[in-house]
Amino acid sequence: MRNLFTSLLLVASLQVFSQVPKLERVEPMSWWVGMHNPKLQLLVHGDQIADATVQLNYPGVSLVKVNKVENPNYLFLDLEISSAAKAGKFPITFTQKGKKTLSYTYVLNNRDQTPGRIQPVTSKDLIYLLMPDRFANGDPSNDVVKGLQETKLNRDSMYYRHGGDIQGVINNLDYFNDLGVTAIWMTPEIENDMKQASYHGYAATDNYKIDPRYGTNALYKTYVEKAHAKGLKVIKDIVHNHIGTGHYTYKDMPMKDWLNQWPAYTQTNYRDQPVMDIHASEADKKRMLDGWFVPSMPDLNHRNPYVQNYLTQNHIWWIEYAGIDGLRLDTYPYNDGEYMADWALKVKAEFPTLSIFGETLVNSAASQSYFTGGNTSNRGMDTNLPGITDAVLKDAIYEALNGKPGWTDGIFRLYSTLAQDFLYKDPSSNVVFMDNHDMSRFYSMVNEDLNKYKSGMAMLLTLRGIPQIYYGTEILMKNYSNPDGLVRSDFPGGWKADKVNKFTKAGRTENENQAFDFVSTLAKYRKSSAALTTGKLMQFIPEDGLFVYFRYAEDNKKTVMVIVNSEDKAKSLKTARFAERIQTATAVTNIITGEKIDNINTINIPASNTLVLELN
């Protein structure tokens, strides 16, 4: 009888205990005093937390409103932090009638005023894009993390994790300096606790946590600080459009319209045109914006104000916490335009020097400009987005390298694409690139022709905009993007077991060193050239397969002349036609070879070559 009574008491105790609210998380988990926007909305997640009475008491901090939503496991707390508030800690208590009181210690920090934080990424920079899982393994102890869904580590498969991490990037910061890089962009580093193929980072499961297979939040902050100490800026890749199915707000949604919901799974049509087409079907537009990217990436509803606050505050948190310099915005055309314009204003209000550019893999300059700031394409609103990833210019450079000459083909495609720069408020804010983690590698796209490779890299580093190279491009890494994993090979030398180390000259082949030295020489020259970094661009109509353009500063000192020979035979160029920019110069210096040409009335250009010449 006593055992039965004891058992009943135990069951009753367990039932009561199970009803006690459990605080799963509070996000943002900390904040700062002295922010431009005094308002802060905390997402609180816990078992039946909506039944609790919330209290806080701290000078300068007001609990304005407690928002209950459809799911009783959530509360959204509206706080206001006055300009008089001081840094410190205070408890936020959650009390349910007749049940245990929970307490969360909230931390308000002073903003970090360290010089050199949050520097602008501009046309003076050269961006290096890498995938942390595939670049270098600096800490083998975090290769497999217990408790996460994916625990397979297999470098022989392109779809499993390979073990690269943030420490691996830190260990190779000098390599970026040697190459002439000034900014590093990693694909997303935040947690992707998915069952498979989660190494790419675009299926977030925790927006406030670095994936433990890459490191910790503290290590990420250290990485930014060490990069800054080496003169390198840091760009963070962020995703507005979607999360991963492992995200807690998907598994336990705060409300039905947290996501864009459909009666049956509906995938986006991947077409940007309905967003801007004045003749577009509303159904097509809705599917473009609200359709899911893939089944494993639920589509966030940007019209939901709670979603808006959640995303915007998360991005502000990372910038202030780590001191990063720029943001790359994934899948920009798939996001709600009005929200993104408001997002940009809010972020720039806190960080006026921060740089932002959006991924727009579209097919025309007009389409690209539609998403950029200034309302230059008659959109009817200003997106406040300074620049985009210039895929149209990339395609034009490829056409110049691989295409056959025609009225609008071959080298003329490049000329006519640049002629459409009037569509942008500031084309120098566009990011120019030849490949990335979703595309066939540049060296393969020019059929492993080293001359064409050098020609393309010369154009990349001398045209307007912010140049970006993909990891391994400088050492002729190759392959095609179908399937995409093939362009995400490990950087040779990033793992102790690697037989060769291509981070060093001794580990590279003769051709690889030629490529590295070519990029490095031009990148380092570019750093000191006002003509190439901030100067104007003047182009001349191509003739006889030759395309000539100039980069020049206002003071006309050290003008750079670029001559592209798009044909597979050597050419001679008479320069009298370019007197408008050559002016009084009588000689040029080849930036790559150092050779000085004293008579420039006629200049010889080898087949499939681009000469970068400084006027003397």
Side-chain angles (χ1 to χ4, degrees), residues 128-172 184-217 219-220 223 234-239 241-247 250 293-298 318 328 330-331 359 435-441 470-473 477-498:
Y128 191 94
L129 163 62
L130 63 90
M131 303 191 79
D133 183 63
R134 305 299 167 88
F135 189 66
N137 188 354
D139 182 6
S141 70
N142 63 19
D143 288 357
V144 176
V145 177
K146 291 181 179 179
L148 297 183
Q149 293 192 73
E150 185 179 22
T151 56
K152 291 183 180 178
L153 187 77
N154 185 356
R155 291 185 67 200
D156 292 330
S157 168
M158 297 303 288
Y159 303 100
Y160 292 117
R161 286 185 176 264
H162 291 189
D165 49 37
I166 293 170
Q167 188 60 53
V169 179
I170 293 173
N171 293 348
N172 289 287
I184 307 169
W185 154 25
M186 284 197 277
T187 52
E189 314 88 352
I190 59 175
E191 183 192 87
N192 276 223
D193 187 13
M194 302 286 284
K195 289 183 179 179
Q196 59 187 8
S198 61
Y199 68 90
H200 53 70
Y202 292 98
T205 58
D206 191 329
N207 291 73
Y208 282 92
K209 182 182 179 183
I210 294 295
D211 195 295
R213 290 160 292 200
Y214 293 154
T216 63
N217 287 14
L219 182 65
Y220 181 77
Y223 150 65
V234 174
I235 296 167
K236 190 168 182 58
D237 198 335
I238 62 173
V239 185
N241 184 65
H242 50 262
I243 53 177
T245 51
H247 201 283
Y250 174 76
F293 210 74
V294 292
S296 61
M297 295 179 180
W318 276 110
R328 179 262 191 183
D330 183 64
T331 51
E359 178 198 30
D435 55 2
N436 64 24
H437 55 293
D438 292 322
M439 299 177 179
S440 297
R441 282 188 170 273
Y470 183 43
Y471 79 97
T473 297
M477 285 178 68
K478 59 190 178 182
N479 229 315
Y480 295 93
S481 63
N482 190 14
D484 58 12
L486 298 180
V487 301
R488 301 172 180 179
S489 300
D490 297 340
F491 193 103
W495 281 252
K496 287 184 179 180
D498 289 352

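Sequence positions, counted from 1, serve as the residue numbers for this chain. Worth saying up front: this structure is predicted, and the values here are computed from it rather than measured.
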For I243 and P298 the tightest heavy-atom approach is O-CD, 3.0 Å
Heavy atoms only: give me the nearest N172-A136 pair and the separation to one decimal. ND2-CB, 3.6 Å
Side-chain heavy-atom pair [X], [Y] within 4.5 angstrom cut-off:
X: S489; Y: R134; result: no
X: Y159; Y: Q196; result: no
X: H242; Y: T331; result: yes

Mind telling me whether Y471 and F491 have parallel, tilted or perpendicular rings, with 30° and 60° as the class edges? tilted
Could you measure the distance from the [atom1] atom of [X] to the [atom2] atom of [Y]? Nearest 0.5 Å is fine.
X: M194; Y: Y199; atom1: CE; atom2: OH; value: 13.5 Å
X: R488; Y: D438; atom1: CZ; atom2: CG; value: 5.5 Å
X: N207; Y: W318; atom1: CG; atom2: CH2; value: 9.5 Å
X: D139; Y: I166; atom1: CG; atom2: CD1; value: 10.5 Å
X: K195; Y: Q149; atom1: NZ; atom2: CD; value: 6.0 Å
X: M186; Y: I235; atom1: CE; atom2: CD1; value: 11.0 Å

Give the C-alpha distance, both sets of side-chain angles, the deciding distance and a yes or no for salt bridge (Lys or Arg N to Asp or Glu O under 4.0 Å) between D498 and R155. CA-CA 11 Å; D498 289 352; R155 291 185 67 200; 3.0 Å; yes
Please lay out, stage by stage, how Y214 and Y223 fare under the test side chain to side chain contact (heavy atoms under 4.5 Å, CB included). CA-CA 11 Å; Y214 293 154; Y223 150 65; over 6 Å; no
From CA spacing to verdict: side chain to side chain contact (heavy atoms under 4.5 Å, CB included), K236, E189: CA-CA 8 Å; K236 190 168 182 58; E189 314 88 352; 2.7 Å; yes
Can you sort out the partners of D237 under side-chain contact (heavy atoms from CB on, under 4.5 Å), two or more places apart, ordered by chain and number? W185, T187, P188, Y202, R328, D330
Go through H437 and H200 one step at a time and tell me if the side chain to side chain contact (heavy atoms under 4.5 Å, CB included) criterion holds. CA-CA 9 Å; H437 55 293; H200 53 70; 6.0 Å; no
All side-chain hydrogen bond (donor to acceptor under 3.5 Å, both in side chains) counterparts of N241, not counting sequence neighbours: D299
Applying side-chain hydrogen bond (donor to acceptor under 3.5 Å, both in side chains), can you list everything that pairs with N192, at least two apart in sequence or on another chain? none
Under 3.5 Å: donor-acceptor pair, side chain of [X], backbone of [Y]:
X: R161; Y: S198; result: yes
X: W495; Y: H162; result: yes
X: D165; Y: R213; result: no
X: T151; Y: V144; result: no

Check the pair K209, D193 against salt bridge (Lys or Arg N to Asp or Glu O under 4.0 Å), reporting the backbone distance first and the verdict last. CA-CA 11 Å; K209 182 182 179 183; D193 187 13; over 6 Å; no
Please lay out, stage by stage, how I210 and N217 fare under the test side chain to side chain contact (heavy atoms under 4.5 Å, CB included). CA-CA 5 Å; I210 294 295; N217 287 14; 3.4 Å; yes
